[in-house]
2 protein chains.
Amino acid sequence: MNIYDISKKAGVSIATVSRVMNGNARVSEKTRQKILDIIAENDYTPNAFARGLGLNTMQTIGLLCADSSDQFFSRAVYYLERALRANHYDAILSCTGPDYDTRTEYLKRLLAKKVDAVILIGSSFIEAVPERNRYIIEAAAEVPIIILNGYLKAPNVYCSLCDDQEIIQQAASACLEHGRQELLFLYRADSYSGRRKLEGFKEAFAAASLPLDSRRIVLFNGSIPETKEKLLSLASEGLTFDTVIAGDDELAIGALKYAKAMNFDIPSQFAIIGYNNSQLGICCEPELTSIDNQLEFCCNNAVAALMSVLDGKPAPGKTMLSANILQRGTTDFF
Amino acid sequence: MNIYDISKKAGVSIATVSRVMNGNARVSEKTRQKILDIIAENDYTPNAFARGLGLNTMQTIGLLCADSSDQFFSRAVYYLERALRANHYDAILSCTGPDYDTRTEYLKRLLAKKVDAVILIGSSFIEAVPERNRYIIEAAAEVPIIILNGYLKAPNVYCSLCDDQEIIQQAASACLEHGRQELLFLYRADSYSGRRKLEGFKEAFAAASLPLDSRRIVLFNGSIPETKEKLLSLASEGLTFDTVIAGDDELAIGALKYAKAMNFDIPSQFAIIGYNNSQLGICCEPELTSIDNQLEFCCNNAVAALMSVLDGKPAPGKTMLSANILQRGTTDFF
DNA sequence: TTGTACGCGTTATCAG
DNA sequence: CTGATAACGCGTACAA
């Protein structure tokens, strides 16, 4: 059942049928109703591929993400998909894993599929070496690229992110002010947001004119039990710390398990601050003080900017949201 | 840059270029290399829409899911997307929320986009009233439908699921055998798997010739703190229970919070069994005994069946996997 | 081994 | 208000 069949049944030309389908041009109410009836009777649906060929779009956005099973990413995917759908776009999901080559390959694959834009979910896409971000800039020559929680200044690249640096600086400063100077900063990856969080941590020490032992900065990519072990081994090496500021809630839970293994009282003897305000943080006891990075706002902003761009209108290259600290049981301040 | 441009530059016809692109027909090595070079030089990529129109497929599978931010669903999406991609299919994700009408609408939307098949993630798609499953059967008239963790017997519908009933029956029987008779079965939804789990629970009592008070069966769809409150209120109404068998880990954590609020010793005074073996279960203290429903196998099976069907080969309408109980700190047996 | 010509289903343009 | 016709770009019989 195609547009020719419908036009034949209605005794009109395909042009008229098309006009009725797209509702823009003026058609006499009589023929309009007749065509509508015939369309309904035969439940005719325009062929999406032919439509795509003609319009050069199938209203599809590519979602590129390292690991959609991750607590944080899966929420991002959820919010993004919902916002896109509300704007009549479909989302093609593509998970790359941690590999650089896979990332570039899958991005190309999305472009080959002629998506209208690509959203990069997660700051792991932005590396410290500019050269390694070039594939993103090249992709931006073809379609708009949206980056969630990362920043890259380039034409046709639009970033929506949370001010990780400021909030970690605030959190660390608060710790220092409350007499907790033996801080440990635990983060998972040398990603854009990882680097920003680290900067915030360093800033807090600089602002307080306190020296910062580099052993207090720990880059560690492990599971909850592995994190616990890691901290146990750091402690046994003689490093003393009474507070952990973590780059995500999973690491924070690992720190919590460590504190319990050491029989520390939480939060009086040992404090923990997580990141992402994930569901993990309310599973443990005491519940996790965690930083809420306003993910839903961030996603909605990203899609709003994208829609503007796709509409030929301008959009800010960078939208930065401030984060909040959610105090629960693993700290006694904020 | 289209196939005509390439053919012109190479001094051949578009047919030859097409043959080289698709690698099937026989082309002389000389012209083949020449065309390949020109393609590489101009980095020509066939127009996906035109290709779709000609072949009537764009190698895309629709993923329909109630809520991709859910722990369980997001893992399913991850495994499915990975398996599909390995078979050169892309995944369009579509989250419906809990609404029936939205489900039917979004399914239609996927079909209108001419996906090659649709995978329904989660048993909430299968309702108890057959009439309300008809939209699935109708969709199956157009493309293969795969159901993950649900079962519907119909042509062109293929189901991959875990034997929820058997494992809950085993778990409940083990509890009864260990002298724990004051069981509470807590489940979230009257979905296919919810009903199957409930059956397993009932079976255990029947097998042990024990009476089952219907108050011990609790259908409750709430968050962790809400679940805790719900159990507190049940206890205050006089219902006694020393064991909770939960339909998912979130409910189980709620039960754990309840037990802690009551100052019960876990597991001696109060035992808990979760479901899904999610990350939530290793965040709490003690860690959750949970049922592992082999989600990764389930997803891989689903995709394998789908690939077979798309290849014109037969596939089983139902593939059932047995689950395992993972003993951790909230029980002292298994 | 290679080329020609048509079909796929839609939208857009221009003429009436 | 309506119709005829040309793109859109690719795949593929069929012919050479």
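A note on names: the letters A, B, ... follow the listed sequences, proteins ahead of strands, and every chain is numbered from 1.
Distance, M21(A) CE to dA12(C) P: 13 Å, rounded to whole Å. Rounding to whole angstrom units, CE of residue M58(A) and P of dG9(D) are separated by 16 Å. Per the geometry, CG belonging to N2(A) stands 8 Å off P belonging to dC8(C), to the nearest Å.
With D37(A) contributing its side chain and K34(A) its backbone, the two residues share no donor-acceptor pair below 3.5 Å. A donor-acceptor pair under 3.5 Å is formed between the side chain of D116(A) and the backbone N or O of T60(A).
The side chain of S18(A) approaches dT11(C) more closely than any other nucleotide in the set dT1(C), dT13(C), dT11(C). The side chain of I14(B) lies closest to dG11(D), out of dT2(C), dG11(D), dT10(C). Comparing dT10(C), dT4(C), dT2(D) by their nearest atom to the side chain of V27(A) picks out dT2(D). Counting only heavy atoms from C-beta on, Y4(B) has its side chain closest to dC10(D) among dG3(C), dT1(C), dC10(D).
Every residue two or more places apart in sequence or in another chain was checked for a ring-ring contact (aromatic ring centres under 6.0 Å, His included) with F297(B), and none qualifies. Taking N87(A) as the reference, Y89(A), V303(A), M307(A) meet the side-chain contact (heavy atoms from CB on, under 4.5 Å) condition, with sequence neighbours excluded. The side-chain contact (heavy atoms from CB on, under 4.5 Å) test applied to E142(A) returns L111(A), not counting sequence neighbours. With sequence neighbours excluded, no residue forms a ring-ring contact (aromatic ring centres under 6.0 Å, His included) with Y4(A).
Contact annotation: N22(B) reaches the phosphate of dG11(D) (side-chain N/O to OP1 or OP2, under 4.0 Å). Using a 4.0 Å cut-off, no side-chain N or O of T31(B) falls inside it from OP1 or OP2 of dT1(C). Note on T16(B): a side-chain N or O is less than 4.0 Å away from OP1 or OP2 of dG3(C). Listed pair S13(B) / dT2(C) fails the phosphate criterion, with no side-chain N or O lying under 4.0 Å from OP1 or OP2.
Using a 4.5 Å cut-off on side-chain heavy atoms (C-beta onward), D90(B) and Q59(B) make no contact.
Remark: the N22(B) side chain and the R51(B) side chain contain an N/O donor-acceptor pair separated by less than 3.5 Å.
Salt bridge absent: K108(B) and E138(B) never bring a charged side-chain N and a carboxylate O closer than 4.0 Å.
Only Y44(B), P46(B), N47(B), A50(B), R51(B), L53(B), L55(B), listed by number, bring a heavy atom of residues 43-57 of chain B to less than 4.0 angstrom from any atom of DNA chain D.
Rounded to 10°, the angle separating the first-five-pair axis and the last-five-pair axis of the helix from dT1(C)-dA16(D) to dG16(C)-dC1(D) equals 40°.
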